[in-house]
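Okay, structure first, notes after.
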Amino acid sequence: MERAYRDGTTLTVLFLDLDQFKSVNDTCGHVVGDRLLVAVAHTLQSHLRGYDFLARMGGDEFLAILPGIRGESLPSKIQLLEEAVAEIQTPAGDAAAGVTVSIGAACYPEDGCSTDELIFCSDQRMYAQKRAGGPGGRLLACSAKI
């Protein structure tokens with residue numbers, strides 16, 4: 001954030017939460033849930049730039065920090081991450097189900113000028129997306145297995 005301030009650039013914070021993760025643990029077991037978290041982390045990291053930052057906040061929540069992303073490029077980045085996660089399959093009984101993720105975004109300096117403000121704003125927007133039905137309720141064709 002200090003670099004964005006100094007250079008007059010932007011910074012976007014994404015708060016990501018897996019949809020229905022508890023049901024994966026409940027129906028498939030915690031080992032599968034843990035494998036799913038690792039697969040999601042690898043998938044997200046592979047779709048971020050080398051200088052972006054990704055961290056698991058706890059449970060099924062992740063935080064990404066994207067310097068220089070905002071405006072028109074932000075929705076396409078969010079859609080790319082949603083689609084990448086949706087390609088991961090998890091066993092669901094005799095079938096396999098795609099994974100969905102809800103993502104909230106906050107941009108510096110428009111949405112806040114402190115770490116706490118940006119995380120809070122992105123978290124609130126993620127929960128608003130969940131209340132609205134998640135990432136459009138879409139499950140894309142799945143190819144990768146965990």
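What you see is a predicted model, and the numbers here were worked out from it, not measured in a lab. If you read the sequence from its start, that first residue is 1, and numbering goes on from there.
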Can you establish whether the number of heavy atoms outside Gln20 located under 6.0 Å from its atom CD is more than 12? no
Indicate yes or no for a side-chain donor-acceptor contact from Thr12 to the backbone of Ile69 under 3.5 Å, with no hydrogens or angles considered. yes
Any side-chain heavy-atom pair from Leu66 and Arg49 closer than 4.5 angstrom? yes
Contact summary for Glu61 and Tyr127, nearest pair of heavy atoms: OE2-OH, 3.5 Å
Please tell me whether Tyr108 and Ile103 are part of a single hydrophobic cluster in this structure, the criterion being side-chain heavy atoms less than 4.5 Å apart. no
State, with a plain yes or no, whether a side-chain heavy atom of Leu37 is found less than 4.5 Å away from one of Leu18. yes
Quick one, Leu63 and Ile119 - any side-chain contact, counting heavy atoms below 4.5 Å? yes
What's the shortest heavy-atom distance between Ser122 and Ala106, and which atoms? N-CB, 3.7 Å
Distance check, rounded to the nearest 0.5 Å: Asp26 atom CG versus Phe21 atom CZ? 10.0 Å
The reported gap from CG in Leu118 to CZ in Phe15 (rounded to nearest 0.5 angstrom) is 13.0 Å
Can Ile65 be reached from Leu14 by stepping across I, L, V, M, F, W or Y side chains whose heavy atoms are under 4.5 Å apart? no
Could you check if a side-chain atom of Met126 sits within less than 4.5 angstrom of a side-chain atom of Asp123, using non-hydrogen atoms only? yes
How many angstroms lie between CG in Leu11 and CD in Glu2, if you round to the nearest 0.5 Å? 11.5 Å
Same apolar cluster: Tyr5 and Val13, side chain cutoff 4.5 Å: yes
Within this structure, what is the OG1-NZ distance for the pair Thr27 and Lys22, rounded to the nearest 0.5 Å? 10.0 Å
Are any side-chain N or O atoms of Lys77 and backbone N or O atoms of Leu48, one a donor and one an acceptor, separated by less than 3.5 Å? no
Grouping I, L, V, M, F, W and Y whenever their side-chain heavy atoms are under 4.5 Å apart, do Met1 and Phe53 come out in a common cluster? yes
Roughly how far apart are Asp19 CG and Glu82 CD, rounded to 0.5 Å? 9.0 Å
Is there a donor in the side chain of Asp17 and an acceptor in the side chain of Ser102, or the other way round, less than 3.5 Å apart? no
Determine the minimum heavy-atom distance between Asp111 and Arg125, stating which atoms define it. OD2-NH1, 2.9 Å
Looking at Ala105 and Leu74, what are the two nearest heavy atoms and their distance? CB-CD2, 3.9 Å
Contact summary for Ala41 and Leu54, nearest pair of heavy atoms: O-CD2, 3.6 Å
Show the nearest heavy-atom pair for residues Asp52 and Pro67, with the distance to one decimal. OD1-CD, 3.3 Å
